[in-house]
Amino acid sequence: MTLVATILAVLLALVFLILGTVKTLALRPMHERATEAGFSVAAYRRIGLLEVAGAVGLLVGLIVPPIGALAGAGLLLLLIGALAVHLRKGDGPQKYAPALVCGLLVAAYLVLQLLTR
C-alpha cells in the first residue's frame with residue numbers, strides 16, 4: 001500500500017468513525033438530519049453502524065488490504081445512496097457536497113488499492 005493510500009485510509013476512517021458514532025448515538029444534529037432525509041432514527045443508527053464498520057475495515061485494511069478494499073466498496077455504496085437521497089430531495093450543492101467529496105476520496109483510495117496489487 002502506498003503512503004497516499006495509507007493517509008487516505010486513516011483520514012477516511014477518522015471521518016466515518018466520527019460521523020458513524022454521532023449517527024449511532026442519535027445526537028441532536030443527526031436526529032434532525034435523519035428526519036429531514038426521511039429516515040427513522042433507527043434506520044439512521046443502522047447507517048451509522050455501517051459507517052463505523054467501514055471505518056474499522058479501512059483500518060484493518062492497513063494490515064489486510066483486501067479487507068480495506070471491501071470496506072471502501074461498502075462505504076462508496078453508502079455514499080452513492082446518500083448522494084441519491086440528497087438529489088432526490090432536490091438539495092443544493094452545499095447539502096450534497098460532503099457525500100460527493102467523501103465519495104471521491106473513497107474512490108481514489110479504491111483506485112490506489114487496485115494499482116498497488
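Being a predicted model, the structure only gives us computed values, none of them experimental.
For the pair Leu87/Tyr96, a side-chain contact is recorded, criterion being any heavy-atom separation below 4.5 Å from C-beta on. Residues Val10 and Leu62 are in side-chain contact: their nearest non-hydrogen atoms beyond the backbone lie under 4.5 Å apart. Residues Leu105 and Val15 fail the side-chain proximity criterion, which asks for heavy atoms closer than 4.5 Å. Inter-residue side-chain proximity for Leu79 and Phe16 is flagged as met; some heavy-atom pair is nearer than 4.5 Å. Between Val85 and Phe39 there is a side-chain heavy-atom pair separated by less than 4.5 Å. A heavy-atom distance below 4.5 Å is not found between the side chains of Lys95 and Lys89.
Linking Ile, Leu, Val, Met, Phe, Trp and Tyr residues whenever their side-chain heavy atoms come within less than 4.5 Å places Val106 and Leu112 in a single cluster. Under the 4.5 Å side-chain contact rule for hydrophobic residues, Tyr109 and Leu100 do not share a cluster. The cluster map of Ile, Leu, Val, Met, Phe, Trp and Tyr, joined by side-chain heavy atoms under 4.5 Å apart, puts Leu25 and Leu19 in the same cluster. Side-chain heavy atoms closer than 4.5 Å link hydrophobic residues (I, L, V, M, F, W, Y) into clusters, and following such links, possibly through other members, connects Val101 to Leu8. Using a 4.5 Å cut-off between side-chain heavy atoms of Ile, Leu, Val, Met, Phe, Trp and Tyr, with links allowed through other members, Leu12 and Leu104 fall into different hydrophobic clusters.
Taking all atoms of both residues into account, the shortest heavy-atom contact from Leu58 to Ala71 is N-CB, 3.7 Å. Closest heavy-atom contact between Val41 and Ala26: CG1-CB, 3.7 Å. Contact between Ala69 and Leu110 at its shortest, heavy atoms only, is O-CD2, 3.4 Å.
Of the possible donor and acceptor atoms, one in the side chain of Gln113 sits under 3.5 Å from a partner among the backbone N and O of Pro65.
Atom CG in Leu75 sits 9.0 Å away from atom CG in Leu50 (nearest 0.5 Å). Between the CG atom in Leu11 and the SG atom in Cys102 there is a gap of 8.0 Å [rounded to 0.5 Å]. With rounding to the nearest 0.5 angstrom, the CZ atom of Arg45 is 8.0 Å from the OG1 atom of Thr24.
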